[in-house]
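Only one structure is covered here, and it is reproduced in the block below.
Within every chain, numbering begins at 1; the chains are lettered A, B, ... in the order of the sequence lines, protein sequences first and strands thereafter.
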Amino acid sequence: MFVGTVVYALINSVILLLMAIGFNLTFGISGVSNFAYGAFYILSAFVTWMLMNWIGVPYFLSAVLSIIFTAFIGAVMYRFILIRVRGQVLSEVIATFGIGLIILEFFRYLGFVGIEYSLPVFIDHSFVIAGTYVDMQRILIVVFCIVLILLLWLFIHHTSIGLAFRGIAQDERTALTFGIDSDWIAMLSVSMGAALAAIAATVVVPLGTISVGEGYDVLINALAVCIIGGLGSTGGVIVASLVVGFAQRFTDTYIGPHWTMIVSLVAILLVLIVKPSGLYGKQKELEERI
Amino acid sequence: MEKRICSLTIFLAFVSVLASPFVAAHAADPIVIGVPTSTGFVEGKEGLAVVEMAVEEINAKGGVTLGSEKRPFKVESIDIRDAAPGVPVPEALLGLEKIILDKKPSALLIGPFRSEALLAGMDIIAKYKVPMLGTIAMSPASEAKIKKDPDKYKYIFRTCLNAKYLVKYLVAVMAFVNKEFGFNKVFIMNQDVAWARATADLIKKHYFDKAGWQVVGHEAYPTGTLDFSSAMMKVRAGGAQVILPIFDMPQSGILVKQWNAMKVPALLAGFISPLAGPGAWKTFDAKIGGAINVNFELGSAMGSPKVPCSMDFLAAYEKKYGKPMEAGHGPAPTYESVYILAEAIERAGSIDPDAIAAEIAKTDRTGVMGKIKFDDGHQAIFDMDPKDSAVACVFQWREDGKRVNVFPQAIADGKIQLPAGLKPVK
């Protein structure tokens, strides 16, 4: 059972990482806390579902179109709303959370409730890994996540937009002196964060069903992982995903699943007490030293 | 004289012509049915749909006979949102009061989802004296309240299954499995919410502990849990022959998919709400073959050829709304409630709430759930034969995507099939 728990803990960590990486990227680059993140996740899943079931678009094309659409909505949200409150953290949080609520509750209002809303798994098969049965979708999630992280790294380090992202993330004013348009880059970062939420939905949603309530759960998971890892730190998010993912599954197996939700919260509290900026965060490091 | 008679005749004719629209309007005054429910949830959405369906059927026949006239039903609904997590009970109560005051309904149907909202709402209903046929909230505490003060709460009835009857059905299924296959090792999994915890605890206390079953594990899962792999590994390691799940969250379908994907050699038999309707087969990628589910009422997303009107009801719903019913709790008793109300009004001969309530209490009707009668706590009586009482239905998903009733025996169309790797022990 120990090995099986390790296998599923690793998968759980990867799912948490996928759920959090977009939120973290947006915050790390533009400083925008996108509280509509969970809503983008659900928006993308429903759009994929609608394209498949109402128009008959093939699954993978639906997923790609839905990711593009979600990225577009993210850009629109920045261009018409967030740009007006950029830098005012509380206003950004209220604005994005409000937009998220509107998106999620609009789906509920339209009647998107029930269990008929689901996406198919990519490959329908199970494997035995170290004596434990694991379905192919979960294995694909792990592979997909590794590839995605590598591609993100290449994008950030070896493309002009990626370098502009890093420039803005390091020092916005200095980046401006080099001719980098910070609003354009911030819009791209929000849009890319939304696209990453959509990508996460595409691979994770086939494990269950699409439900409006899950939008809130995804946001909470993303926040938990990002706060523990340190807002804006990709390495921190990876480590935090592993910490939370393993803690959750081992709590499930050896303590009891009703304690699982508490694990993330206790981890957040402990990290905030010991290192308020998170495991690898830089936001408050100076104040902490003082 | 002749001139006077002629003038009077013309005057009367004139008055009757002028008054006729008012007379007609009065004759057509609808009887308002209020439907306060959580329309954002499938049970509420489909419940409201079947109210409209039943009302259409009744109105197509002219409406409800009230004395010498026929009056149509009219449906007014409000979303009281009490099923949504985090919505406080007072908000649901405000919705309940609003529909009573604004729409002046002669009766309420469906009502709150959460029992605490129902229990608190009972005082509002008693205050305004509006008969209510509840079809979702399941706590027997409402019956106790009615029995304690029957005069005050005489307006409140429950047509759906209550928690006691759910326990009775689940215990009966476990006893049936024990008798058929000799299984006596169970792993209990329930959602970490009050009703599911209470149901699981009652089954353990009143059946498993007394009947000599070994409870290999008993775990509660928070709403929103996305991974049940640990439990599946524990089931395998502990040698459990039966998994008893009790869940009503959408994510609980993941449990069934993992049970299938991890090829766990145990019979999955209990209540998982997303498995109730025919859409579950597609939703869960055809990975639910072998799972046994309790639908709370016959007719709610599952009928039986042995009760033909349950099949007719489901066919009529699909024809009207273009898709099959999915909620395994609520629609059938809600549909029946409209007819119970219509019959009670006709017997009472008025829409006086006391008269309607008195007649509802005398209900003796055979419909899609079987025979409906209320006990002294105003709870519809459920048992094992639709000829004598209302029934729930227990069905098994088969590998070909069909659902087959396996219990109670009066409506069973097939026998339970065991999953691969699990053999009977007797």
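Of all residues spanning residues 272-287 of chain B, those with a heavy atom less than 4.5 Å away from chain A's heavy atoms are B/Pro274, B/Gly279, B/Ala280, B/Lys282, B/Thr283, B/Phe284, B/Asp285, B/Lys287, arranged by number. Taking non-hydrogen atoms and a 4.5 Å limit, the residue list of residues 127-141 of chain A in contact with chain B, ordered by number, reads A/Thr132, A/Tyr133, A/Asp135, A/Arg138.
Of the listed residues (B/Ile254, B/Val42, B/Thr225), the one with the most heavy-atom contacts under 4.5 Å to chain A is B/Ile254. Annotation: maximal heavy-atom pairing with chain A below 4.5 Å, among B/Glu326, B/Gln258, B/Lys323, occurs at B/Gln258. Top candidate by heavy-atom pairs under 4.5 Å with chain B, chosen from A/His125, A/Glu105, A/Glu214, A/Arg249, is A/Arg249. Contact tally against chain A (heavy-atom pairs below 4.5 Å) for B/Ala237, B/Ser252, B/Gly40: the top residue is B/Gly40.
The environment of OH in A/Tyr109 is sparse: at most 12 heavy-atom neighbours from other residues, nucleotides or ligands sit within 6.0 Å. Atom CZ of A/Phe106 has 12 or fewer heavy atoms from other residues, nucleotides or ligands within 6.0 Å. Within a 6.0 Å sphere centred on CZ of A/Phe2, other residues, nucleotides and ligands contribute 12 heavy atoms or fewer. By the 6.0 Å contact criterion, CZ on A/Phe97 is open, its count of non-hydrogen atoms from other residues, nucleotides or ligands being 12 or less. Residue B/Arg81 places its CZ atom among 12 or fewer non-hydrogen atoms of other residues, nucleotides or ligands, all under 6.0 Å distant. More than 12 heavy atoms of other residues, nucleotides or ligands sit less than 6.0 Å from atom NZ of B/Lys320.
Residues B/Ala220 and A/Pro257 come closest through the heavy atom pair O-CG, 3.4 Å.
The CG atom of B/Leu226 sits 8.5 Å away from the CG atom of A/Asn12 when rounded to the nearest 0.5 Å. Expressed to the nearest 0.5 Å, how far CE of B/Met262 lies from OG of A/Ser126 amounts to 9.0 Å. Taking OG1 of A/Thr260 as the reference point, atom CG of B/Asp227 lies at 9.5 Å (rounded to 0.5 Å).
With a threshold of 4.5 angstrom between heavy atoms, B/Asp192 approaches chain A through side-chain atoms but not through N, CA, C or O. Contacts of A/Thr253 with chain B are made by both backbone and side-chain atoms, with heavy-atom separations under 4.5 Å. The contact between A/Asp252 and chain B is made by backbone and side chain atoms together, counting heavy-atom distances below 4.5 Å. For A/Ser211, the part sitting under 4.5 Å from any heavy atom of chain B is the side chain, from C-beta outward, and nothing else. Heavy atoms of B/Lys45 lying under 4.5 Å from chain A belong exclusively to its side chain. If you measure heavy-atom distances from B/Glu46 to chain A, you find no contacts under 4.5 Å at all.
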Please step through side-chain contact (heavy atoms from CB on, under 4.5 Å) for the pair A/Met1 and B/Lys234, ending with a clear verdict. CA-CA 8 Å; A/Met1 191 138 68; B/Lys234 286 178 197 172; 3.8 Å; yes
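At distances below 3.5 Å, not a single donor-acceptor pair connects side-chain atoms of B/Ser229 with backbone N or O atoms of A/Tyr8.
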